[in-house]
Amino acid sequence: MNSEAWVNYTENDVRILEQCDEILHTRILDCESNTSNTLKYFELGVLPIRYEVMKRKLSFLQYLLKEDKESMISQILKVTQENPLKNDFVLTCKKYMKILGIEFTFEEIEKMTKASFKKVLKEKTRQAAFKYLIGQKLK
């Protein structure tokens, strides 16, 4: 999916992707199109695309943070952190961290092992997605 590299996408773009995904879920489960999408996600044990994108971007963030400090990508990340622009990678990651309830600093994320961060990320993403899906069901 390479979603960690996506930029300037909107909520509407994500919703269109989720609608395609939900059509696929309907076909996989061979159910009526008016069946609750929340129930389809639960039955298949998958997350809405918006949460997969968040997880992948934050995983990529850790990868970037662990890069050699002399590398160009590391220097670009540092400049972006110091001078954030609207909707840039750093601000997007901070927004996603807030949505997922991840309260680590970038320095703490950098120091974590890949496995430990992945575990935290997976758990926080599942919790946030569950709350989102329950909220959608109640609408």
Asks: Linking I/L/V/M/F/W/Y whenever their side-chain heavy atoms sit closer than 4.5 Å, directly or via other members, would L39 and I23 fall into one cluster?
Replies: no

Asks: Report yes or no: do L91 and V79 belong to one cluster of Ile/Leu/Val/Met/Phe/Trp/Tyr joined by side chain heavy-atom distances under 4.5 Å?
Replies: no

Asks: Side chains of L61 and Y96: does their closest heavy-atom pair fall under 4.5 Å?
Replies: no

Asks: Show the nearest heavy-atom pair for residues E70 and Q75, with the distance to one decimal.
Replies: O-NE2, 2.9 Å

Asks: Answer yes or no: is there a donor N or O on one side and an acceptor on the other, between the side chain of T38 and the main chain of L133, under 3.5 Å?
Replies: yes

Asks: Using a 4.5 Å cut-off on heavy atoms from C-beta on, say whether the side chain of V90 contacts that of L77.
Replies: yes

Asks: Could you give the distance from CG (L65) to CZ (F117), rounded to the nearest 0.5 Å?
Replies: 8.5 Å

Asks: Applying salt bridge (charged side-chain N to carboxylate O under 4.0 Å, His left out), which residue pairs with at least one partner in residues 116-127 are found, sequence neighbours left out?
Replies: none

Asks: Please say whether more than 12 non-hydrogen atoms of neighbouring residues, nucleotides or ligands are located less than 6.0 Å from CZ in F130.
Replies: no

Asks: Roughly how far, to the nearest 0.5 Å, is the CD1 atom of I16 from the CG atom of D21?
Replies: 13.5 Å

Asks: Minimum heavy-atom separation for S74 and E67, please, with both atom names.
Replies: OG-O, 4.1 Å

Asks: Would you say E43 has more than 12 foreign heavy atoms packed within less than 6.0 Å of its CD?
Replies: no

Asks: Look up atom CD in Q62 and atom OG in S116, then write down how far apart they are to the nearest 0.5 Å.
Replies: 7.0 Å

Asks: What closest approach, in Å, do T10 and D13 show between heavy atoms, and which atom pair accounts for it?
Replies: N-OD2, 2.9 Å

Asks: I'd like to check V14 versus V53 (side-chain heavy atoms, cut-off strictly below 4.5 Å). Are they in contact?
Replies: no

Asks: What distance do I73 atom CD1 and L64 atom CG have between them, rounded to the nearest 0.5 Å?
Replies: 5.5 Å

Asks: With salt bridge (charged side-chain N to carboxylate O under 4.0 Å, His left out) as the rule and sequence neighbours excluded, what pairs involving residues 93-112 come up?
Replies: K69-E110

Asks: On a heavy-atom basis, which atom in M112 and which in V120 lie closest, and how many Å separate them?
Replies: CE-CG2, 4.0 Å

Asks: Check whether any side-chain heavy atom of T125 lies under 4.5 Å from a side-chain heavy atom of M54, and answer yes or no.
Replies: no

Asks: E11: which residues meet the salt bridge (charged side-chain N to carboxylate O under 4.0 Å, His left out) condition with it, sequence neighbours left out?
Replies: R50

Asks: Using the ring pair (Phe, Tyr, Trp, His ring centres under 6.0 Å) criterion, which residues pair with Y63? Sequence neighbours excluded.
Replies: F60

Asks: Can you tell if the side chain of V46 reaches within under 4.5 Å of the side chain of Y51, non-hydrogen atoms only?
Replies: no

Asks: Supply the atom-to-atom distance F106 CZ to M97 CE, rounded to the nearest 0.5 angstrom.
Replies: 5.5 Å

Asks: Under 4.0 Å between a side-chain nitrogen and a carboxylate oxygen: does that hold for R15 and E22?
Replies: yes

Asks: Please report the interatomic distance CG(L121) to CG(L100), rounded to the nearest 0.5 Å.
Replies: 7.0 Å

Asks: By the rule that ILVMFWY residues connect when side-chain heavy atoms come within less than 4.5 angstrom, directly or transitively, which residues belong alongside L85?
Replies: none

Asks: Tell me the closest heavy-atom pair linking A128 and I99, and the distance in Å.
Replies: CB-O, 4.1 Å

Asks: Between F89 and K57, what is the shortest heavy-atom contact and its length?
Replies: CZ-O, 3.8 Å

Asks: Treating T80 as the side-chain partner and I76 as the backbone partner, does any N or O pair qualify as donor plus acceptor under 3.5 Å?
Replies: yes

Asks: Run the side chain to side chain contact (heavy atoms under 4.5 Å, CB included) check on N37 and H25 step by step: do they pass?
Replies: CA-CA 8 Å; N37 287 320; H25 296 164; over 6 Å; no

Asks: Restricting to pairs with a member in residues 83-93, which pass side-chain hydrogen bond (donor to acceptor under 3.5 Å, both in side chains), not counting sequence neighbours?
Replies: none

